[in-house]
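One structure is given here, and the rest of the page talks about it.
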Amino acid sequence: MLALTLSEWFLAAKMIMQNKLKLLVASHKPYWMPAGSLYLPVQVGSAGRTSICGFQRDDEGENISFKNPRYCELTALYWGWKNLDFSYLGLAHYRRYFAGSGERGVATEQDIMRKLDEVPVVLPKKRRYYIETVESHYAHTFEQAQLDVLRGVLARHAPDVLPYFNKHMESRSAHIWNMMVMRQDIVSQWCEWLFPILQQVEDLVDFSQMSPFEARLIGRLSERLLDPWLASRAIPFSEMPVISLEKVRWGKKGRSFLAAKFRGHKYTESF
């Protein structure tokens, strides 16, 4: 057995004392999961469905599992916030993780705790759009009207965040995918703020003519809220790279983006 350095012993002792770092892994189907107690696979949208062996259902305890077709991975976050006892809570996806030194390049507890030792929030590295702003990219690939509804809700219910949202819409980079790890008090503040805002948006949107892919807009809009909310509270954060366990279809993604930007063809699938 290899001897630990003094710094490694200190980090291990700190994790034992804090004791409760948990990363939820949102998944709608059976899939490989990292071993160990750090990662908790959560079957999202499990209401009315057969359980996936070894996965935590998101319809137990206090939950919004039935909203999964619109809220996507956020039903896992809501379940963890309401039903787990934790010091830090995070969210990843079955095919997308924070990158680190673990199996298949996935971050370990030590990888993440090194970041959390310095700041209370860890986010994925920003996606940079270069030739688009955050707003124009969304408007080209989805619907501008959805951002307009969100902006109106913020004006009425969160005017303190609205200036930060408008500034974020003009920027050319964003933390996306709803991936994060947060200290308990901060994730609680985030969820207490986020879900009522999303409910207001949901109440104002007509979903009746939308495809299942289009209806996932609540989850998409939430991705555009995290940066403005953190900025409005001056909450410090650090970044970690992200690893995808599946091949990204960059060719199709690029062609679809160009068709959206120059020909008005909205996205109809994920890549």
Side-chain angles (χ1 to χ4, degrees), residues 26 70-74 77-78 81 89-93 96 98 115 119-183 185-205 214 216-242 253 256-257 260-261 266-267 270-271:
R70 298 176 181 178
Y71 283 61
C72 308
E73 63 278 342
L74 292 180
L77 178 63
Y78 188 95
W81 168 46
L89 184 67
L91 181 64
H93 303 255
R96 188 180 295 120
F98 291 105
K115 295 287 188 178
V119 292
V121 173
V122 174
L123 302 177
K125 283 196 170 180
K126 280 187 172 183
R127 168 173 285 180
R128 302 193 180 279
Y129 296 105
Y130 299 106
I131 63 172
E132 292 267 56
T133 65
V134 173
E135 182 156 8
S136 67
H137 183 270
Y138 192 98
H140 284 139
T141 54
F142 300 109
E143 295 291 342
Q144 174 68 47
Q146 296 167 8
L147 291 178
D148 295 340
V149 171
L150 177 56
R151 185 175 275 114
V153 168
L154 292 176
R156 292 188 297 275
H157 299 283
D160 60 318
V161 177
L162 182 59
Y164 297 92
F165 176 79
N166 288 333
K167 182 177 180 180
H168 181 60
M169 289 294 101
E170 296 172 355
S171 70
R172 296 180 184 272
S173 61
H175 297 104
I176 58 173
W177 299 312
N178 283 318
M179 289 178 63
M180 52 77 186
V181 185
M182 292 181 176
R183 197 175 62 205
D185 59 319
I186 296 175
V187 74
S188 292
Q189 292 170 34
W190 167 234
C191 290
E192 287 167 359
W193 181 87
L194 175 66
F195 287 104
I197 293 293
L198 297 180
Q199 182 64 63
Q200 292 289 332
V201 173
E202 187 179 12
D203 291 343
L204 294 171
V205 172
E214 292 168 335
R216 291 157 57 182
L217 68 95
I218 300 298
R220 295 188 192 104
L221 289 175
S222 68
E223 296 179 65
R224 279 74 185 177
L225 288 172
L226 180 55
D227 283 333
W229 183 82
L230 289 170
S232 71
R233 270 72 175 165
I235 297 173
F237 62 84
S238 184
E239 295 180 334
M240 292 183 70
V242 170
K253 187 178 181 72
S256 296
F257 168 70
K261 182 173 176 63
K266 305 298 185 183
Y267 282 2
S270 299
F271 305 100

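Just so we're clear, the structure is a prediction, and the values are computed from it rather than from any experiment. The figures here come from the full heavy-atom set of this structure, side chains too, leaving out hydrogens, waters and symmetry mates.
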**Message:** Using the rule given for salt bridge (Lys or Arg N to Asp or Glu O under 4.0 Å), can you reason through Asp160 versus Arg233, listing the C-alpha separation, both sets of side-chain angles and the distance that settles it, and then say yes or no?
**Reply:** CA-CA 10 Å; Asp160 60 318; Arg233 270 72 175 165; 3.3 Å; yes
**Asked** Run the side-chain contact (heavy atoms from CB on, under 4.5 Å) check on Tyr138 and Met169 step by step: do they pass?
**Response** CA-CA 9 Å; Tyr138 192 98; Met169 289 294 101; over 6 Å; no
**Asked** When you look at Met182 and Gln189, which way does the side-chain contact (heavy atoms from CB on, under 4.5 Å) test go after all the steps?
**Response** CA-CA 10 Å; Met182 292 181 176; Gln189 292 170 34; over 6 Å; no
**Message:** Does Leu230 form a side-chain contact (heavy atoms from CB on, under 4.5 Å) with Leu123? I'd like the steps, not just the answer.
**Reply:** CA-CA 11 Å; Leu230 289 170; Leu123 302 177; 3.7 Å; yes
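When all heavy atoms are compared, the tightest approach of His175 to Asp227 is ND1-OD1, 2.6 Å. Scanning both residues, Gly219 and Cys72, for their nearest heavy atoms gives CA-SG, 4.3 Å. When every heavy atom of Leu154 is checked against every heavy atom of Phe165, the shortest pair comes out as CD1-CG, 3.5 Å. Considering every non-hydrogen atom in both Ala158 and Trp193, the closest pair reads CB-NE1, 3.6 Å. Residues Pro120 and Ile235 approach most closely at CG-CG2, 4.3 Å, considering heavy atoms. The nearest pair of heavy atoms linking His137 to Thr141 is O-OG1, 2.7 Å.
The closest donor-acceptor contact from the side chain of His157 to the backbone of Pro196 lies at 3.5 Å or more, if one exists at all. No donor-acceptor pair closer than 3.5 Å links the side chain of Asn178 to the backbone N or O of Leu74. At distances below 3.5 Å, at least one donor-acceptor pair connects side-chain atoms of Arg172 with backbone N or O atoms of Glu132. Using modelled atom types, no side-chain atom of His168 and backbone atom of Tyr164 make a donor-acceptor pair closer than 3.5 Å. Looking only at distances, no side-chain donor or acceptor of Arg96 sits under 3.5 Å from a matching main-chain atom of Ala92.
Residues Leu147 and Phe142 fail the side-chain proximity criterion, which asks for heavy atoms closer than 4.5 Å. Glu202 has its side chain within reach of Tyr71: a pair of non-hydrogen atoms, C-beta onward, lies under 4.5 Å apart. Counting only heavy atoms from C-beta outward, the side chains of Val187 and Leu77 approach each other to under 4.5 Å. At least one side-chain heavy atom of Leu225 sits less than 4.5 Å from a side-chain heavy atom of Leu198.
A salt bridge links Glu135 to Arg151: at least one charged side-chain nitrogen sits closer than 4.0 Å to a carboxylate oxygen.
Here the rule is ring pair (Phe, Tyr, Trp, His ring centres under 6.0 Å) with Trp190, and of Phe195, Phe237, Trp229 only Trp229 fits it.
The closest side-chain donor-acceptor pair between Asp203 and Gln199 falls under 3.5 angstrom.
The distance from the CE atom of Met240 to the NZ atom of Lys115 is 6.5 Å, given to the nearest 0.5 Å. The CG atom of Leu91 sits 5.5 Å away from the CE atom of Met180 when rounded to the nearest 0.5 Å. Atoms CH2 and CG, from Trp81 and Leu194 in turn, are 9.0 Å apart once rounded to the nearest 0.5 Å. To the nearest 0.5 Å, atom CD1 of residue Ile197 and atom OG of residue Ser222 are 12.5 Å apart. Between the CE atom of Met179 and the CD atom of Glu223 there is a distance of 11.0 Å, given to the nearest 0.5 Å. From Leu217, atom CG reaches atom CG of Leu150 across 10.0 Å, with rounding to the nearest 0.5 Å.
Atom NZ of Lys167 has 12 or fewer neighbouring heavy atoms from other residues, nucleotides or ligands inside a 6.0 Å radius.
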